[in-house]
**Q** 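A single structure is presented below for examination.
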Amino acid sequence: MALLPVAEALERLLEDAAPLQAESVSLMDAADRVLSEPLMALRTQPPFNASAMDGYAVRADDVAPVPARLSVIGMAAAGRGFAGTVGPAQAVRIFTGAPLPAGADTVVIQENVRDLGGGMVEVTVSTVEGRNIRRLGLDFSQGDVLLEKGRLLDPAALSLAASANHQQVSVVKRPLVAIIATGDELLPPGSDLGPDQIISSNAYGIAAAARSVGASALDLGIAPDRKEAIAALVKKAVDAGADVIVTLGGASVGDHDLVHDELTGEGMALDFWKIAMRPGKPLMFGRLGGIRCLGLPGNPVASLVCTQLFLKPLLARLGGRAFRQNLRQARLGAAMPANDLRQDYVRAVVKEEAGTLEATPFSIQDSSMLRILADANGLIVREPFAAAATAGAACSVLMLR
């Protein structure tokens, strides 16, 4: 199978990806979820004319000339309104959030009122009609569309939904990613390693990347290089209702790379296998029924770069989210050689110098070196067959943080 350009691979990966079905969740569990339908107001807010300040509810005509002496006939507090009517030369002591009493049309703030004792007050500053009042429906009215379909439920959106009297909201189901590492050489962190073994590290970064775009991650552990072991973990993924199965390693062309054979044996329709990129050439994509299968390289850096380029956009699409790579223009901080037929993603440190981004590639780019990836905050994107470039030349950078 010929090497597939990165852009074409991504297009095929996302071709028929659509948001998953909706589910109803409690408002307390809806943080960082995506609305699957518009959210409408179930009530009007404020549900009455309310005082915006602590002070006195009065008739504006009574306080047009000042000083004005008024008789205090009652009190209105939030949740405990005044049941009577404010008449000429009368006032009601009122607090923020309380309903405006009948007959009153303005609120004088308490700083502009003197208590004369004996139930009398004197207004010292004139206040016009409607001042310091939050009108009925100022924020929204029943039936208003408050949040559009596809809105991410951030803190402000959640509070708005609550104030509109929603206990539950309809959201897009979180995509579930089942992660399967493969290889006889792999052991989990904390293990006592034999002379031919290494730590399995990829799953942790991939799970974190999945969660960063709203997906759930299920780590199914490590399958030894045996078809039956891989088959058992694939079955667990299917039984768990995974929307995406991610395999780590075992998807290239070696004698012990069994993932491709096992998945195709289970009925996976292979879409593509090799990408014209570095790192990350041995990337596999196919469909096992309704489950998307993504076979990532075993090299940890290649695995995480492919996760950024392919897995995160796919999961975002399935979860109903917008996703856009943070591509920036920069200048090179060091010379770079000509490129071959693959698109390169070169780990780099990106700094701002005099208002311009400068991207300096690391001198070593081996795809097993996680420390360099952790130190990098960007990837210089080098197109296939790009000519050699000198320091200061323009370049594109995919920002990682």
**Q** In terms of side-chain geometry, is the basic nitrogen of K149 or E37 positioned less than 4.0 Å from the acidic oxygen of its partner?
**A** no
**Q** What closest approach, in Å, do M268 and L288 show between heavy atoms, and which atom pair accounts for it?
**A** N-CD1, 3.5 Å
**Q** Looking only at non-hydrogen atoms, find the nearest pair between G280 and P297 and report the distance.
**A** CA-CG, 3.8 Å
**Q** Just by modelled atom types, is the W273 backbone N or O under 3.5 Å from a matching donor or acceptor in the H260 side chain?
**A** no
**Q** Just distance, no hydrogens or angles: give the donor-acceptor pairs under 3.5 Å from side chains in residues 62-83, sequence neighbours left out.
**A**
residue	atom	partner	partner atom	Å
D62	OD1	R59	NH2	3.4
D62	OD2	R59	NE	3.1
D62	OD2	A89	N	2.8

**Q** Does anything in residues 281-322 pair up under ring pair (Phe, Tyr, Trp, His ring centres under 6.0 Å), and if so which pairs, sequence neighbours excluded?
**A** F272-F285
**Q** Carefully, step by step, assess T182 and L258 under the rule side chain to side chain contact (heavy atoms under 4.5 Å, CB included).
**A** CA-CA 9 Å; T182 66; L258 306 174; over 6 Å; no
**Q** Looking at every heavy atom in both S201 and L370, which two are closest together, and how far apart are they?
**A** OG-CD1, 3.6 Å
**Q** Which heavy atom of V6 sits nearest a heavy atom of A276, and at what distance?
**A** CG2-O, 4.1 Å
**Q** Rounded to the nearest 0.5 Å, what separation is found between the CG atom of L311 and the CG atom of L296?
**A** 6.5 Å
**Q** Among residues at least two apart in sequence or on other chains, which ones pass salt bridge (Lys or Arg N to Asp or Glu O under 4.0 Å) with K173?
**A** D243
**Q** Side chains of D32 and R321, heavy atoms from C-beta outward: is any pair under 4.5 Å?
**A** yes
**Q** Does the structure place the NZ or CZ of R382 under 6.0 Å from the centre of the six-membered ring of Y345, at an angle of no more than 45° from the ring's axis?
**A** no
**Q** Using the rule given for side chain to side chain contact (heavy atoms under 4.5 Å, CB included), can you reason through V107 versus V58, listing the C-alpha separation, both sets of side-chain angles and the distance that settles it, and then say yes or no?
**A** CA-CA 6 Å; V107 172; V58 301; over 6 Å; no
**Q** Without swapping roles, check the side chain of T44 against the backbone of Q142 for a donor-acceptor pair under 3.5 Å.
**A** yes
**Q** Assess, by modelled atom type and distance only, whether the side chains of S170 and E23 contain a donor and an acceptor separated by less than 3.5 Å.
**A** no
**Q** Keeping the roles fixed (side chain from N112, backbone from T124), state whether a donor-acceptor pair exists under 3.5 Å.
**A** no
**Q** Measuring from T247:OG1 to L233:CG, what's the distance to the nearest 0.5 Å?
**A** 11.0 Å
**Q** Any ion pair linking D261 and K227 (charged N to carboxylate O, less than 4.0 Å)?
**A** no
**Q** Looking at side-chain heavy atoms only, is the closest gap between I206 and L304 below 4.5 Å?
**A** yes
**Q** If you look at every heavy atom in A223 and I180, which pair is closest and at what distance?
**A** CB-CG2, 4.4 Å
**Q** Can you find a pair of side-chain heavy atoms, one from V301 and one from D366, that are under 4.5 Å apart?
**A** no
**Q** I need the R131 CZ to T127 OG1 distance, nearest 0.5 Å.
**A** 6.5 Å
**Q** Any non-hydrogen side-chain atom of V244 less than 4.5 Å from a side-chain atom of L176?
**A** no
**Q** Can you confirm whether more than 12 heavy atoms, excluding those of R287, are under 6.0 Å from its CZ atom?
**A** yes
**Q** Using a 4.5 Å cut-off on heavy atoms from C-beta on, say whether the side chain of Q343 contacts that of V381.
**A** yes
**Q** side-chain hydrogen bond (donor to acceptor under 3.5 Å, both in side chains) between Q167 and S26: does it pass, once the steps are laid out?
**A** CA-CA 6 Å; Q167 288 182 300; S26 72; over 6 Å; no
**Q** Could you check whether D154 pairs with R33 (Lys NZ or Arg NE/NH1/NH2 to Asp/Glu carboxylate O, under 4.0 Å)?
**A** no
**Q** Has N377 got a side-chain atom pairing as donor or acceptor with V350's backbone, closer than 3.5 angstrom?
**A** yes
**Q** Can you establish whether the number of heavy atoms outside E122 located under 6.0 Å from its atom CD is more than 12?
**A** yes
**Q** Which pairs, with at least one residue in residues 17-47 and sequence neighbours excluded, count as a ring pair (Phe, Tyr, Trp, His ring centres under 6.0 Å)?
**A** none
**Q** What heavy-atom pair brings P313 and F323 nearest, and what distance separates the two atoms?
**A** CG-CE2, 3.6 Å
**Q** Please examine the side chains of I109 and N132, heavy atoms only from C-beta on, and report whether any two atoms are closer than 4.5 Å.
**A** yes
**Q** Give the C-alpha distance, both sets of side-chain angles, the deciding distance and a yes or no for side chain to side chain contact (heavy atoms under 4.5 Å, CB included) between N326 and V397.
**A** CA-CA 8 Å; N326 186 10; V397 180; over 6 Å; no
**Q** Got a donor-acceptor contact below 3.5 angstrom from the E266 side chain to the L263 backbone?
**A** no
**Q** Does P361 have any side-chain contact (heavy atoms from CB on, under 4.5 Å) partners at least two apart in sequence or in another chain, and if so, which?
**A** A334, M336, V346, I380
**Q** Any donor and acceptor pair, going by atom type alone, linking the side chain of S191 with main-chain N or O of P188 inside 3.5 Å?
**A** yes
**Q** With rounding to the nearest 0.5 Å, note down the distance linking CG in L186 to CD1 in I199.
**A** 9.0 Å
**Q** Could you tell me whether D340 and R278 have a side-chain N and a carboxylate O separated by less than 4.0 Å?
**A** yes
**Q** So, does D219 use its side chain to make a donor-acceptor pair with the main chain of A207 at under 3.5 Å?
**A** no
**Q** Could you check whether D16 pairs with R292 (Lys NZ or Arg NE/NH1/NH2 to Asp/Glu carboxylate O, under 4.0 Å)?
**A** yes
**Q** Just checking R401: does its CZ atom have more than 12 heavy atoms from other residues, nucleotides or ligands closer to it than 6.0 angstrom?
**A** yes
**Q** Looking at residues at least two apart in the chain, or sitting in another chain, which of them share a side chain to side chain donor-acceptor pair (under 3.5 Å) with Q365?
**A** R347
**Q** State whether the number of non-hydrogen atoms from other residues, nucleotides or ligands found under 6.0 Å of R12 atom CZ is greater than 12.
**A** yes
**Q** Any chance you could measure R331, atom CZ, to C395, atom SG, to the nearest 0.5 Å?
**A** 10.5 Å
**Q** With a sphere of 6.0 Å drawn around CZ of R43, does it hold more than 12 non-hydrogen atoms of other residues, nucleotides or ligands?
**A** yes
**Q** Compute whether any side-chain donor of one residue and acceptor of the other, for T96 and D54, lie under 3.5 angstrom apart.
**A** yes
**Q** Going through the distances and angles, do V172 and V34 end up as a side chain to side chain contact (heavy atoms under 4.5 Å, CB included)?
**A** CA-CA 6 Å; V172 178; V34 175; 4.2 Å; yes
**Q** Any side-chain heavy atom of R114 sitting closer than 4.5 Å to one from V121?
**A** no
**Q** So does P19 get a backbone contact from the side chain of R317, meaning a donor-acceptor N/O pair under 3.5 Å?
**A** no
**Q** Side chains of Q325 and L398, heavy atoms from C-beta outward: is any pair under 4.5 Å?
**A** yes
**Q** Got a second to check how far E185's CD is from L193's CG, nearest 0.5 Å?
**A** 11.5 Å
**Q** Is the backbone of M277 close enough, under 3.5 Å, to the side chain of R342 for a donor and an acceptor to pair up by distance?
**A** yes
**Q** Quick check: does any side chain N or O of D144 sit under 3.5 Å from a backbone N or O of A41, one acting as donor and the other as acceptor?
**A** no
